[in-house]
Amino acid sequence: MPLASQPDDLSRHLTVLPGWRGFVAASLGKPMAMLTPVEYAALVKEAEIDALAKEKKITYDEDRLDHHARLQVVATSTVRHTVTCGRRLIILNRGAVSARRGLIVTGPANTGKTIALTQLGLAHELQDRRRHPGQDERIPVVYITVPPAATPRMIAAEFARFLGLPVLRRSNITDLTEAVVGVCTKARTGLVLVDEIHNISLQTRTGAEASDTLKYFSERIPATFAYAGIDIEGSSLLTGTRGDQIAARFTAVATHAFPYNAEWKSLVAQMEANLLLHQHKRGTLTGLDRFLNTRTGGMIGTLSHQLRGAAVDAILTGTEKITKTGLLAVDLDIASSRRTATGGER
């Protein structure tokens with residue numbers, strides 16, 4: 001049985017270049033943890049599991065646990081809309097020398113903002129590779145998250161860390177900025193993704209300066225900037241003179257909880273189709289899709305946590321299947337618990 005290679009710590013973080021490239025590579029290749037259930041079953045048939053040596057059985061189960069830990073819901077209408085809007089802006093910005101247009105993905109917590117943002121980045125990177133095959137020196141996408149109470153230097157340092165540039169104590173913001181702009185320009189960066197943008201508040205001097213730093217990067221780097229954050233349209237980020245400038249240049253894509261409808265049913269079916277559990281009966285979860293919508297409040301992040309957690313439990317306990325009882329055993333996040341306490345189904 002071929003064993004899945006275990007990625008190092010760097011490859012697990014999208015905020016560094018090796019991690020981002022690992023994320024892109026996973027969409028191109030077929031490592032064991034990314035195989036479909038049918039393909040995976042061809043590697044280890046159920047009848048052979050008991051015959052596996054102890055160490056190989058442990059590795060086999062760890063591979064499946066890793067698969068379910070990474071399982072995500074990506075084929076949503078919000079993701080498709082984000083990718084469409086983002087690709088349009090990238091193309092329109094190709095000829096712009098200033099005042100490039102950007103995108104803000106905004107909505108409540110747990111509604112798939114980061115997924116939408118990273119899928120836009122993935123789509124752009126794959127398109128760039130198709131247009132420029134073999135040019136490994138290119139860095140089409142930069143992805144950073146805004147730290148809490150971010151200062152201008154912290155913003156610049158996040159860019160530098162993604163690119164693998166040294167961030168020394170003596171490095172001032174000018175040094176970091178010039179290094180980042182130089183690398184991004186040379187590497188033909190076309191899309192900059194900035195997550196957790198709600199950590200910037202224009203009501204504080206530091207927040208205003210951090211916002212100015214992002215604006216300066218957007219003027220110096222010939223790329224489209226896309227932000228994601230919690231309820232940005234109602235935040236201070238779009239108020240005042242600075243906020244007006246952002247509002248005038250950025251298009252908003254709103255994320256939301258999903259009602260119980262055909263799309264929700266499709267999302268549950270999509271996740272069930274990717275389970276790697278030997279005793280799970282296909283159709284069990286689609287039969288519980290209304291229960292799942294009520295329990296999760298239609299939140300994609302909560303749905304993902306519920307199903308992935310139940311799958312992990314199924315492997316660890318040896319039941320190898322997900323049932324309603326198993327779903328109820330996975331603790332809800334606090335927000336979802338509050339919703340169910342006020343009348344939702346438990």
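Everything numeric in this text was worked out from a predicted model, so none of it was measured.
- Both L316 and L277 belong to a common hydrophobic cluster when Ile, Leu, Val, Met, Phe, Trp and Tyr are linked at side-chain heavy-atom distances under 4.5 angstrom.
- Atoms CG and OG1, on N199 and T145 in that order, are 8.5 Å from each other to the nearest 0.5 Å.
- You'll find the side chain of L17 stays beyond 4.5 Å of the side chain of L163, heavy atoms only.
- In terms of modelled atom types and a separation under 3.5 Å, the side chain of R188 and the main chain of E137 share no donor-acceptor contact.
- With contacts defined as side-chain heavy-atom distances shorter than 4.5 Å, the pair E196/P148 does not qualify.
- Between E178 and R220 there is a salt bridge, since a side-chain N of the basic residue sits under 4.0 Å from a carboxylate O of the acidic one.
- In this structure, K265 contributes its side chain and Y260 its backbone to no donor-acceptor pair below 3.5 Å.
- In terms of heavy-atom proximity, H280 sits nearest to T284 at CE1-CB, 3.8 Å.
- Of the inter-residue distances, the one linking R94 atom CZ with T224 atom OG1 reads 9.5 Å to the nearest 0.5 angstrom.
- In terms of modelled atom types and a separation under 3.5 Å, the side chain of E320 and the main chain of Q279 share no donor-acceptor contact.
- Between R131 and D128, no side-chain nitrogen of the basic residue sits less than 4.0 Å from a carboxylate oxygen of the acidic one, so the salt-bridge criterion is not met.
- Pairs of residues two or more places apart, or lying in two chains, that qualify as salt bridge (charged side-chain N to carboxylate O under 4.0 Å, His left out) and include a residue from residues 235-251 are D212-R242.
- We find the NZ-CG distance between K321 and L285 to be 12.5 Å, quoted to the nearest 0.5 Å.
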Candidate pair E263 and S77, rule side chain to side chain donor-acceptor pair (under 3.5 Å), full reasoning: CA-CA 8 Å; E263 181 173 12; S77 56; 3.1 Å; yes
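- With rounding to the nearest 0.5 Å, the separation of CZ in R282 from CD in E272 is 6.5 Å.
- Put simply, the side chain of R101 never gets that close to the backbone of L89: no donor and acceptor are under 3.5 Å apart.
- When all heavy atoms are compared, the tightest approach of F225 to F159 is CE2-CZ, 4.2 Å.
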Side chain to side chain donor-acceptor pair (under 3.5 Å) assessment of T302 paired with T296: CA-CA 6 Å; T302 306; T296 64; over 6 Å; no
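- In terms of heavy atoms, A223 sits closest to T189 at CB-O, 3.4 Å.
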Steps toward salt bridge (charged side-chain N to carboxylate O under 4.0 Å, His left out) verdict (R21, E125): CA-CA 9 Å; R21 285 179 169 168; E125 176 116 5; 5.3 Å; no
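- Looking at heavy atoms from C-beta onward, L214 lies in side-chain contact with I200 at the 4.5 angstrom threshold.
- Using a 4.5 Å heavy-atom cutoff, the side chains of V194 and E158 are not in contact.
- For the atom pair I315 CD1 and E62 CD, the distance stands at 9.0 Å (nearest 0.5 Å).
- Counting heavy atoms from C-beta outward, L303 and F258 have side chains that stay 4.5 Å or more apart.
- The neighbour count for Q203 CD, taken as heavy atoms of other residues, nucleotides or ligands under 6.0 Å away, does not exceed 12.
- The side-chain heavy atoms of V142 and I221, taken from C-beta on, include no pair separated by under 4.5 Å.
- Taking a 6.0 Å sphere around NE2 of H81, one finds it holds 12 or fewer heavy atoms contributed by other residues, nucleotides or ligands.
- Across all their heavy atoms, I173 and A156 have their closest contact at CG1-CB, 4.2 Å.
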R80 vs Q119, side chain to side chain contact (heavy atoms under 4.5 Å, CB included): CA-CA, chis, key distance, verdict: CA-CA 9 Å; R80 292 192 293 270; Q119 288 299 308; over 6 Å; no
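- The shortest non-hydrogen separation linking L191 to G121 is CD2-CA, 3.7 Å.
- Looking only at distances, no side-chain donor or acceptor of R161 sits under 3.5 Å from a matching main-chain atom of P166.
- Not a single donor-acceptor pair under 3.5 Å links the side chain of D195 to the backbone N or O of Y143.
- Cluster annotation: L193 and L122 are assigned to the same hydrophobic cluster (Ile/Leu/Val/Met/Phe/Trp/Tyr, side-chain heavy-atom contacts under 4.5 Å, transitive).
- No side-chain donor-acceptor contact under 3.5 Å links H256 to the backbone of G107.
- Panel note: side chain S236, backbone L202; a donor-acceptor pair is recorded below 3.5 Å.
- L103 is listed as a side-chain neighbour of L120, based on a closest heavy-atom distance under 4.5 Å.
- Note on M154 and L237: separate hydrophobic clusters, where clusters join Ile, Leu, Val, Met, Phe, Trp and Tyr whose side-chain heavy atoms are under 4.5 Å apart, directly or indirectly.
- Although no hydrogens or angles enter the test, the distance criterion places no donor-acceptor pair under 3.5 Å between the side chain of S266 and the main chain of A262.
- Cluster annotation: W20 and L126 are assigned to the same hydrophobic cluster (Ile/Leu/Val/Met/Phe/Trp/Tyr, side-chain heavy-atom contacts under 4.5 Å, transitive).
- T239 places no side-chain N or O within 3.5 Å of a backbone atom of S235 that could act as its donor or acceptor partner.
- Linking ILVMFWY residues whenever their side-chain heavy atoms come closer than 4.5 Å, directly or via other members, leaves L176 and F162 in distinct clusters.
- Residues N274 and Q270 share a closest heavy-atom pair of ND2-O, 3.2 Å.
- Considering CG of L117 and OG1 of T82, their distance stands at 8.0 Å, rounded to 0.5 Å.
- Open room surrounds CZ on R205; 12 or fewer heavy atoms of other groups in view lie less than 6.0 Å from it.
- Side-chain contact between Q306 and L332: present, with at least one pair of heavy atoms (C-beta onward) separated by less than 4.5 Å.
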Derivation and outcome, side chain to side chain contact (heavy atoms under 4.5 Å, CB included), residues L292 and L307: CA-CA 9 Å; L292 285 166; L307 299 189; 4.1 Å; yes
